[in-house]
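First up is the structure itself, then whatever we jot down about it.
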Amino acid sequence: MTMSKNNSSDNHRDDQSHVRRGKLQALQQSGYQYPNHFKPNHYANELHQRHEKDTSETLDSHRHSVQLAGRMMTRRLMGKASFFNCQDATGTIQVYVRSNDIGQDAYDEFKQHDIGDIVYIEGHLFRTKMGELSIYATQLTLVVKSLHPFPDKFHGLNDPELRYRQRYLDLIVNPVVKQVFVTRAAVMRFIRQFFDNRQYVEVDTPMMHPIPGGAVAKPFVTHHNALDMPLYLRVAPELYLKRLVVGGMERVYEINRCFRNEGLSTKHNPEFTTIEFYQAYANYHDLMDLTEVLLRELVLHIKGHMTIDFKGQQIGFSEPFKRLSVDEAILQYNPNLKQADLSDIVRLKAYAHSIGVDVTDVVSSDLVRMELFDKTVEKKLIQPTFIDTYPTIVSPLSKTTIDQPDCVDRFELFIGGMEIANAFSELNDPDDQAKRFQQQVNNRESGDEEAMYFDQTYITALEYGMPPTAGEGIGIDRLLMLLTDQASIRDVILFPQLRPNTQSD
RNA sequence: GGGCCGUUAGCUCAGCUGGUAGAGCACCGGACUUUUAAUCCGUUGGUCGUGCGUUCGAGCCGCACACGGCCUACCA
């Protein structure tokens, strides 16, 4: 850390950071050296839980001795005795400090401490007049001086920009934030267990791809100096995971980041976390069933019941998930459309135009239907809903439905108006896959920046023979949004992408 | 990328019709030995996001830019 920031505040005697630095200097002059020998052996929440039922008399007679360390958050100084709240990794516990008990010098020193300082406390438990479990301090030591003023003790930190840029402050003063990320860890752990229990092997495949593939998306490009070649941050692990299936790893999964060089929104961060999993000798119907079991068990495990509240709506997981084809969904949410209209591009386009959906450059009825689906159906699919029977043209890695070459064995799962999962029976006909890649290359040449590249090494792998396989990707961040009722993906990602700001950080 | 909104003290926010900025918390000083948004008394603290313009005069009006939020577009 440089001192530059402090220089500008030297002019102001009472600048809070300056005052705190002055206190630190005084401490250092009397020998303070950022000590690291304190060993707290209790946590705030553990104490609250263990002694929830203990009365004042019980606590006084047992005199439970405790050692605790944490951040001093609110202080109530009353002359020769004080209370403050000490916040550690688990929660907050109140501490009572009396000059009689810790000594006048130590008490004077305590009065110099500031909100945000990290302290070590020894003492014993007691209950206050108001009945609050607290620590009666017999010793109190400053461990780390905090050099910046803290956010308002009551209003906290509201400004989203500050919350994301200084997430550590957000975590300190907004308890729900920490809860979201603890839940995130629990979700990851549960999902791993779920697949481990089903004989899946967790693998790590490259994050840097010589040929970006596995999804229709714009990649980030970087350059490897020693190899002198471009590398692409992966948009999906799909093609590598399927190589592993070819190699005989018949059940694999990977939980990791994907990167897409596209717009940001409440549902999109440039890097996001997915689980992708592949299972040989399974088809997309098997994965629908598996997904339903996974989500039902996950919701139960995380929430303790089968319902979640998301943006004021109740979403239920106990009933079987709805299953609709793309066309059925379009008809259901567009009552003015008839079945016969769906294959008539002129009537489709006229209808799209009439409801303000721009399809002027769209050339096939399949694509118009997907556009209509995206614009009129997706955000209305609040309850868990599987959508299947996707057109082949938008699914270059999916197996076509037998005897129906225009559509593929694929589904997507929508919950809370968001796409949560995408799955299909994998295309394992290498010649068909080569044709689909070629189509993507043609799209790219006619200006589609998101179209896929031709990946001959993947075709070669398929030529060795991939067992019939079904694969699926689930967006972990969006799942977290649902489980923690957060409206923005930035609130389930610790450090969401922001533009750099010269003022803070 | 487009539209709308926001940016005022460390934090949370007021600021009227254009007339040199206020509150609460925090901070600093004082009182106070069971408080808990502690209380009481007295202070301190501002390049009003940045720049240009209009005006006798701009936190307020206009333009440009920066950052953020929401909606939209694309994806998961």
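Atoms considered below: every heavy atom in the structure, side chains included; atoms not considered: hydrogens, waters and symmetry mates. So that the names make sense, note that chain A is the first sequence line, chain B the second, and so on, each numbered from 1.
- Closest of all the heavy-atom pairs between A/Leu147 and A/Arg20 is C-CD, 3.7 Å.
- Residues satisfying the salt bridge (Lys or Arg N to Asp or Glu O under 4.0 Å) criterion with A/Glu271, sequence neighbours excluded, are A/Arg257.
- A gap of 35 Å separates the P atoms of B/G62 and B/U44, to the nearest Å.
- Partners of A/Glu426 according to the salt bridge (Lys or Arg N to Asp or Glu O under 4.0 Å) rule, which considers only residues two or more places apart in sequence or in another chain, are A/Lys242.
- A search for salt bridge (Lys or Arg N to Asp or Glu O under 4.0 Å) contacts involving A/Glu419 returns nothing, not counting sequence neighbours.
- B/A38 and B/A26 have their P atoms separated by 7 Å, given to the nearest Å.
- Applying the salt bridge (Lys or Arg N to Asp or Glu O under 4.0 Å) test to residues at least two apart or on different chains, the pairs with a partner in residues 372-392 of chain A are A/Glu371-A/Lys375.
- Taking for each of A/Asp374 and A/His155 the nucleotide of RNA chain B with the nearest heavy atom, the 5'-most of the two is the partner of A/His155.
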Item checked: Canonical and wobble pairing (Watson-Crick, G-U, under 3.5 Å) of RNA chain B, dot-bracket with | -> (((((((..((((.....[..))))..((((.......))))......(((((..]....))))))))))))....

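- Mapped onto RNA chain B by nearest heavy atom, A/Phe150 and A/Lys23 fall at different nucleotides, with A/Phe150 at the one closer to the 5' end.
- Residues forming a side chain to side chain contact (heavy atoms under 4.5 Å, CB included) with A/Met188 (at least two apart in sequence, or on another chain): A/Arg192, A/Ile255, A/Thr273, A/Ile476.
- Distance from the side chain of A/Pro149 is smallest to B/G10 among B/G10, B/U36, B/C74.
- Comparing the C1' positions of B/G59 and B/C48 gives a spacing of 5 Å, expressed to the nearest Å.
- Every salt bridge (Lys or Arg N to Asp or Glu O under 4.0 Å) that A/Lys145 has, sequence neighbours left out, goes to A/Asp114, A/Asp117.
- Partners of A/Ser265 under the side chain to side chain contact (heavy atoms under 4.5 Å, CB included) rule, at least two apart in sequence or in another chain, are A/Lys267, A/His268.
- Which of B/U33, B/C75, B/A37 sits closest to the side chain of A/Glu450 comes down to B/C75.
- Residue side chain A/Gln94 reaches the base of B/U35 through a donor-acceptor N/O pair under 3.5 Å, judged by distance alone.
- Within 4.0 Å (heavy atoms only), A/Asp101 reaches no atom of the nucleic acid at all.
- Between B/U50 and B/U36, the two P atoms lie 40 Å apart (nearest whole Å).
- Of the residues in residues 76-86 of chain A, those placing a heavy atom less than 4.0 Å from an atom of RNA chain B are A/Arg76, A/Leu77, A/Met78, A/Gly79, A/Lys80, A/Ala81, A/Phe83, in numerical order.
- Counting heavy atoms from C-beta on, the side chains of A/Ile474 and A/Ile191 never come closer than 4.5 Å.
- Checked against side chain to side chain contact (heavy atoms under 4.5 Å, CB included), A/Pro391 has the following partners two or more places apart in sequence or in another chain: A/Asp366, A/Met370, A/Ile393, A/Val394.
- By the side chain to side chain donor-acceptor pair (under 3.5 Å) test, A/Asn174 pairs with A/Asp170, sequence neighbours left out.
- Checked by distance alone, A/Asp152 brings no side-chain donor or acceptor within 3.5 Å of a matching partner on the base of B/G10.
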Could you write out each protein N or O paired with an N or O of nucleotides 64-68 of chain B at a distance under 3.5 Å?
from  : atom 1 : to       : atom 2 : distance (Å)
B/C67 : OP1    : A/Arg499 : NE     : 3.3
B/C67 : O3'    : A/Arg165 : NH2    : 3.1
B/C67 : O2'    : A/Glu161 : OE1    : 3.3
B/C67 : O2'    : A/Glu161 : OE2    : 2.2
B/C67 : O2'    : A/Arg165 : NH2    : 3.3
B/G68 : OP1    : A/Arg499 : N      : 2.6
B/G68 : O4'    : A/Glu161 : OE1    : 2.9

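- A donor and an acceptor atom sit less than 3.5 Å apart, one in the side chain of A/Thr128 and one in the base of B/U35.
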